[in-house]
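One structure is given below, encoded as structure tokens.
What you are looking at is a predicted structure, and each value in this text was computed from that prediction instead of being measured. These values consider heavy atoms only, across backbone and side chains, with no hydrogens, waters or symmetry-generated copies. Every chain is numbered from 1 and lettered A, B, ... according to where its sequence line falls, protein lines coming before strand lines.
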Amino acid sequence: MEFEPLDQFLQRRKKLSEIESLGHAPYPHKFAWTHTARQVAEQFGHRTADQLSSERVEVRVAGRIVALRPHGKAAFAHLAGDGARLQMYIKLDVVGEQAYKLFQLLDLGDIVGVSGHLFRTKTNELTVWVEGLELLNKALLPLPEKWHGLADVEMRYRRRYLDLIVNERAREIFLRRAQITRELRRFFDERGYVEVETPMMHSILGGATARPFVTHHNTFDMDLFLRIAPELYLKRLVVGGLDRVYEINRNFRNEGIDAIHQPEFTMLEFYQAYSDALELMDLTEELLRGLAEKVCGSAKIKYGEREIDFSHFERLSMRDAIHMFWPTAAGAAPSVAELARKGGPRGAVARYNAFARSGGGETIDDAGTRSDGELTGDLFEAVAEGHLIQPTFIYDFPTEISPLAKRREDDPSLTERFELFIAGMEIANGFSELNDPADQERRFRAQVEKGGHDMPKEVDTDYIRALSHGLPPTAGEGIGIDRLVMLLTDSHAIREVILFPLLRAEAPEGTSAEKSAGEGEPPK
RNA sequence: AGGGGCGUAGCUCAGUGGUAGAGCAGCGGCCUUUUAAGCCGAAGGUCGUGGGUUCGAUCCCCACCGCCCCUACCA
């Protein structure tokens, strides 16, 4: 197969065969390196020119050539490896004609191994004095522009490998993402949680309200859903005596794509027996504060123009938040008591919608079938959510919108549930788990009866059976890892923190500019 | 899904109703301490795709494709 830019592709392939005819293997199997470029910098970066000349340091380093400055019979180049760059200096009269000929056939992007000793140049840059040079792999395609790198966002996502080579920030984001998941695992492992993996292919939807992807198993001739949440399986495990479990893995939701939504996204979910939502809020604070300190070096982090302080978490009931953030232009804010009264939320929605219709934004669906709890949730989203910049727990979620959460003992219209908002994004959702099988069955049936494309079509009876064997009082929580990584890397699009985000399929080559006609119609 | 924006050389970007330009990369030449190396020379393009207006379209209009932003959807 050949790729654009064809002239350069063919040119490089020709050089490769010239290298072969010089007697070099085109694709050697290994290179015995002693240091990465980063290790050289870390271990010898402080040595002076004098120290290096009196005490020779021999190194063998492999990497990709990312800069090339030939000067006739000598040359400088930079090798990139392990996220660092290391300069090398190669001279004809040092390496000999054969090796220098090889060098002259090298291009930006080629992967080489060099051996030699370290020295400092006139400008005091730590450099390998090359005595031996081996081609490890010839790049047949050129790197993006060396100064501006790869800026086209579409190309950065589609060809993430180039983004990672050329844009240091991309590399840093994904290294930090790995650090974050590593720290999360450490946090839970230290506290006696067991990491588990539960099915991603479900025959019954559950654990969240979302539209699923559907797939099919041939042998069983069975339709399956890609999971929208692992929740119901994880709680089965708690029934089974795994008192503390967590899973970090993908969920799939067949819904919109924007700056904070991707169809494939990573959630941490964890469950602990003999606990409740209140304890989870404390645990979450500890987790996130520690994570920010560990990963960003401080509990106060920069996010865009703002500073977010993980050392203090606000706690507001949903009704408090509605009252507090009620737009002044919408008239008197509903009191918490009014929102708690039967029919109160409906009255507040009526006032809000009057305001919305006169230019305040979108109205809330106030159809007669909608419950006070649903209306309360909608009011919260319309009025308060966007204001929650500093870490804020919203608690006291209405029962109608919390089908898996345990009711408050003193108020069955509310659940022991919270969500955590930071920078206007929902980051976490946790609650005391409903463990009354009869109540759970009633709420499942209510969902199925209600219908709608994002509601379960059938009751997960095995889950009810599991609850009937006894789920201890348990608290559980989900944390959106992608959004958390966004916060901790100062990224403002979820695609920046997902290596290969979903994009529309690329038009096959030939349908656009480059190839001959006759390939047929462009896909519709 | 609706509104707005963008699409020019491999990459980063200028530009114009009269057949298109720079830097980097690539090619040829010179150059033994450079670092966005330098100097000289040549090459590279169906200006996203298709249609229309026009004597003439990369530019104006329409449709389509792709990406981005906003809104909607979204526990």
Side-chain angles (χ1 to χ4, degrees), chain A residues 3-12 14-15 49 66-78 85 87-94 100 107-109 119-125 127 129 139 141-159 162 166 207-211 228-229 231 253-263 265 361-362 374 377-378 380-381 385 394 397-398 400-405 417-419 426 428-431 453-455 478 480 492-493 495 503-508 510-514 516-517 521-524:
Chain A
F3 294 95
E4 295 287 342
L6 196 59
D7 57 335
Q8 297 194 39
F9 185 85
L10 297 175
Q11 180 67 35
R12 283 164 179 248
K14 191 172 134 225
K15 287 184 183 175
V66 292
L68 213 44
R69 292 180 295 281
H71 293 263
K73 297 188 177 63
F76 289 94
H78 271 99
R85 288 169 166 237
Q87 182 166 261
M88 58 185 233
Y89 181 54
I90 183 165
K91 265 173 35 136
L92 170 61
D93 52 19
V94 173
Y100 203 74
D107 288 296
L108 290 178
F119 77 110
R120 285 189 183 274
T121 61
K122 273 183 187 166
T123 54
N124 210 36
E125 178 163 349
T127 303
W129 182 275
L141 288 169
L143 291 176
E145 208 249 9
K146 67 179 174 188
W147 189 242
H148 300 93
L150 189 63
D152 182 276
V153 288
E154 181 181 358
M155 193 95 79
R156 289 185 41 234
Y157 301 147
R158 289 196 195 274
R159 305 196 192 159
L162 289 181
V166 151
T209 311
R211 303 169 71 175
I228 55 175
E231 170 148 1
R253 297 189 185 176
N254 203 341
E255 287 168 350
I257 294 180
D258 62 28
I260 55 169
H261 293 88
Q262 267 281 307
F265 64 102
E362 291 294 317
E374 288 170 308
D378 286 355
F380 165 75
E381 283 177 24
E385 201 174 24
I394 299 295
F397 273 60
E400 290 98 326
I401 59 171
S402 310
L404 298 163
R417 173 183 172 195
F418 64 85
E419 284 188 354
E426 183 195 332
N429 176 20
F431 39 88
H453 56 221
D454 55 358
M455 284 291 175
H492 297 264
R495 283 178 304 257
L503 300 177
R504 227 172 281 268
E506 214 168 355
T511 54
S512 57
E514 48 210 66
S516 61
E521 298 293 305
K524 284 277 147 64

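If you check every strand for non-hydrogen atoms under 4.0 Å, A:Gly149 touches sugar and phosphate atoms only. In this structure, A:Pro398 reaches neither bases nor backbone, as no heavy-atom distance under 4.0 Å exists between it and the strands shown. When heavy atoms are screened at a 4.0 angstrom cut-off, A:Leu150 is found touching the sugar-phosphate backbone but no base atom. Base engagement by A:Glu125 is indicated by at least one non-hydrogen atom pair under 4.0 Å involving a base atom. Contact annotation for A:Phe119: base contact, defined as any heavy-atom pair under 4.0 Å involving a base atom. Residue contacts for A:Ala151: at a heavy-atom cut-off of 4.0 Å it reaches the sugar-phosphate backbone alone, with no base atom in range. Within 4.0 Å of A:Arg495, counting heavy atoms only, lie sugar-phosphate atoms of the nucleic acid but no base atom. Among the protein residues, A:Asn429 comes within range of the nucleic acid bases, having at least one heavy atom under 4.0 Å from a base atom.
Phosphate contact (OP1/OP2 of B:C68, side-chain N/O of A:Arg156, threshold under 4.0 Å): absent. Taking side-chain N and O atoms only, A:Arg69 has no distance below 4.0 Å to OP1 or OP2 of B:U34. Within the structure, a side-chain polar atom (N or O) of A:Arg158 is placed less than 4.0 Å from OP1 or OP2 of B:C67. Listed pair A:Lys146 / B:A36 fails the phosphate criterion, with no side-chain N or O lying under 4.0 Å from OP1 or OP2.
With hydrogens and angles ignored, the 3.5 Å screen pairs a side-chain donor or acceptor of A:Tyr100 with a backbone N or O of A:Ala74. At least one donor-acceptor pair closer than 3.5 Å links the side chain of A:Arg12 to the backbone N or O of A:Ala139. Between the side chain of A:Arg495 and the backbone N or O of A:Leu503 there is no donor-acceptor pair closer than 3.5 Å.
For B:C60, the paired base is B:G52 (Watson-Crick or G-U wobble, both distances below 3.5 Å). B:C11 is paired with B:G23 under the criterion used here, namely a Watson-Crick or G-U wobble arrangement in which both key atom distances are under 3.5 Å. For B:U16, there is no paired nucleotide, since no Watson-Crick or G-U wobble pair has both relevant distances below 3.5 Å. Base pairing annotation: B:C67 forms a Watson-Crick or G-U wobble pair with B:G5, both donor-acceptor distances under 3.5 Å.
One C1' atom belongs to B:G56, the other to B:G17, and the distance between them is 8 Å to the nearest Å. Using C1' as the reference atom, B:U58 and B:G21 are 13 Å apart when rounded to the nearest Å. B:C70 and B:A57 are spaced 38 Å apart, taking the P atom of each and rounding to whole Å. Only the P atoms considered, B:G3 is 13 Å distant from B:C62, to the nearest whole Å. Of the P atoms belonging to B:C47 and B:G26, the separation is 26 Å, rounded to the nearest Å. Nucleotides B:C6 and B:C74 have their P atoms positioned 31 Å apart, rounded to a whole Å. Nucleotides B:A20 and B:U46 have their P atoms positioned 13 Å apart, rounded to a whole Å. The gap from the C1' atom of B:C13 to that of B:U71 amounts to 31 Å, rounded to the nearest Å.
Residues A:Arg253 and A:Phe265 come closest through the heavy atom pair NE-CZ, 3.6 Å. Heavy atoms only, all atoms of each residue included: A:Asp258 and A:Ile260 are closest at OD1-N, 2.8 Å. Taking every heavy atom of both residues into account, A:Leu108 and A:Leu143 meet most closely at C-CD1, 4.3 Å. Considering every non-hydrogen atom in both A:Val166 and A:Leu150, the closest pair reads CG1-N, 3.5 Å. For the pair A:Phe397 and A:Ser402, the tightest heavy-atom approach, listed with the atom from each and the gap, is CB-OG, 3.5 Å.
To the nearest angstrom, C1' of B:C70 lies 14 Å from CD1 of A:Ile260. Atom pair A:Ile90:CD1 and B:U32:P shows a separation of 15 Å (rounding to whole Å applied). Here the P atom of nucleotide B:C11 and the CG atom of A:Leu6 are 14 Å apart, to the nearest Å. In this structure, the CD atom of A:Glu255 is 12 Å from the P atom of B:C73, given to the nearest Å.
Taking only side-chain atoms of A:Pro144, from C-beta outward, the nucleotide of B:C11, B:U32, B:A75 with the closest atom is B:C11. Among the nucleotides B:C68, B:U71, B:G26, the one closest to any side-chain atom of A:Tyr157 is B:C68.
A donor-acceptor contact under 3.5 Å links the side chain of A:Glu145 to the base of B:G23. Donor-acceptor pairing under 3.5 Å, judged by distance alone, is present between the side chain of A:His261 and the base of B:C74. With hydrogens and angles ignored, no donor-acceptor pair closer than 3.5 Å exists between the side chain of A:Asp258 and the base of B:C70. Taking 3.5 Å as the limit, the base of B:U34 and the side chain of A:Gln87 contain a donor-acceptor pair of atoms between them. Judged by distance alone with a 3.5 Å cut-off, no donor-acceptor contact links the side chain of A:Asp152 to the base of B:U12.
Each of A:Val153 and A:Ile401 has a nearest nucleotide on RNA chain B; the 5'-most of these lies closest to A:Val153.
Using the six-membered ring where Trp is involved, A:Phe9 and A:Phe3 have ring planes that are perpendicular, over 60° apart on the 30 and 60° scheme.
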Enumerate all atom pairs, one protein N or O and one N or O from nucleotides 27-31 of chain B, separated by less than 3.5 Å.
{"unit_1": "B:C27", "atom_1": "OP1", "unit_2": "A:Lys15", "atom_2": "NZ", "d": "2.5"}
{"unit_1": "B:C31", "atom_1": "N3", "unit_2": "A:Gly72", "atom_2": "N", "d": "3.2"}
{"unit_1": "B:C31", "atom_1": "N4", "unit_2": "A:Gly72", "atom_2": "N", "d": "3.4"}

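By the rule that a glycosidic angle within 90° of 0 means syn, B:U19 counts as syn.
Summarising the local packing, CZ of A:Arg211 is surrounded by 12 or fewer heavy atoms from other residues, nucleotides or ligands at distances under 6.0 Å.
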